[in-house]
Novice: 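Sharing a structure, written as structure tokens. Questions coming.
Below, all heavy atoms of this structure are taken into account, side chains as well, without hydrogens, waters or symmetry copies. Given the structure is predicted, the values throughout are model-derived calculations rather than measurements.
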Amino acid sequence: MTNNDIFKKLRVALMLRDDQIVEILELVDFRISKSEIGAFFRDEKHENYVECGDQILRNFLNGLVIHLRGTKENPKNPNEVLAKHKAEIPKKEGFVPKSDFKPKTDFKSTTDFKKKPTSNKKKPEPKVQVVEKVKYNNGKNKK
């Protein structure tokens, strides 16, 4: 596993954008541009792909500790920081979050399991052909 893979997985797991990564690296006085960071996340076959060095990953991890935990003088709660990141992600239109699974608990007795469920399902309507069937003979004459 390369440094680029580790960097990508941390970015996805922590839901970080490129500008947030730049800010994290600035916490440890490491200056880097968004375009240089974008080169780390490209496919290995891409012409602008750059291999992430040990120094960049080390500084990112050190900055990430400060970003999540804070300093000794000003400590932070990491869960609150991650919740803030999650809240900053824009929601897509029409997106409905999945609700938690809640099992049904309104069973009358254990014998109800043996009964077949009744359903008021309508019979499916027959399929309507939109396009008529066409016979292809591929230029071969049949005798």
Novice: Between F7 and T2, is there a side-chain heavy-atom distance shorter than 4.5 Å?
Specialist: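 They are not in side-chain contact.
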Novice: Surrounding NZ of K9 (heavy atoms of other residues, nucleotides or ligands, distance under 6.0 Å), is the total greater than 12?
Specialist: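 12 or below, so no.
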Novice: Determine which pairs satisfy side-chain hydrogen bond (donor to acceptor under 3.5 Å, both in side chains) with at least one residue from residues 56-67, sequence neighbours left out, and list them in order.
Specialist: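 Matches after skipping sequence neighbours: H67-H85.
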Novice: Roughly how far, to the nearest 0.5 Å, is the CD1 atom of I66 from the CG atom of L61?
Specialist: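 Answer for the CG-CD1 pair, L61 versus I66, is 11.5 Å.
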Novice: Does F41 reach the side chain of I21, with side-chain heavy atoms less than 4.5 Å apart?
Specialist: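 Answer yes - side chains close enough.
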Novice: Is L25 reachable from V65 through a run of hydrophobic residues whose side-chain heavy atoms are each under 4.5 Å from the next?
Specialist: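 Result: no, two separate clusters.
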Novice: Is there a side-chain contact between R11 and D18, using heavy atoms and a 4.5 Å cut-off?
Specialist: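 Counting from C-beta outward, R11 and D18 do come under 4.5 Å.
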Novice: Determine whether L16 and F60 satisfy the following criterion, side-chain contact (heavy atoms from CB on, under 4.5 Å), listing intermediate values before the conclusion.
Specialist: CA-CA 12 Å; L16 297 172; F60 174 72; 3.9 Å; yes
Novice: Looking at side-chain heavy atoms only, is the closest gap between L57 and F40 below 4.5 Å?
Specialist: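 No - every pair of side-chain heavy atoms lies 4.5 Å or more apart.
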Novice: Distance from L10 atom CG to L64 atom CG, nearest 0.5 Å?
Specialist: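 Here the interatomic distance stands at 6.5 Å.
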Novice: Between CZ of R31 and CG of D29, what distance do you get to the nearest 0.5 Å?
Specialist: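 The distance works out to 5.5 Å.
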Novice: Could you go through residues 48-55 and list every donor-acceptor pair under 3.5 Å that involves a side-chain atom there, pairing it with any protein atom two or more places apart or in another chain?
Specialist:
residue	atom	partner	partner atom	Å
Y49	OH	N4	ND2	3.4
D54	OD1	N3	ND2	2.7

Novice: Can you establish whether the number of heavy atoms outside R69 located under 6.0 Å from its atom CZ is more than 12?
Specialist: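 Not buried by this count: 12 neighbours or fewer within 6.0 Å.
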Novice: Before accepting this row, confirm whether a basic side-chain N of the pair D43/K45 lies closer than 4.0 Å to the acidic partner's carboxylate O.
Specialist: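 So D43 does not pair with K45 through a salt bridge.
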Novice: Would you mind reporting whether N77 and L68 have side-chain heavy atoms less than 4.5 Å apart?
Specialist: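 With C-beta onward as the side chain, the pair stays apart.
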Novice: Where is the tightest heavy-atom contact between V22 and I37, given as atom of each residue plus distance?
Specialist: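 Minimum heavy-atom contact is CG2-CD1, 3.5 Å.
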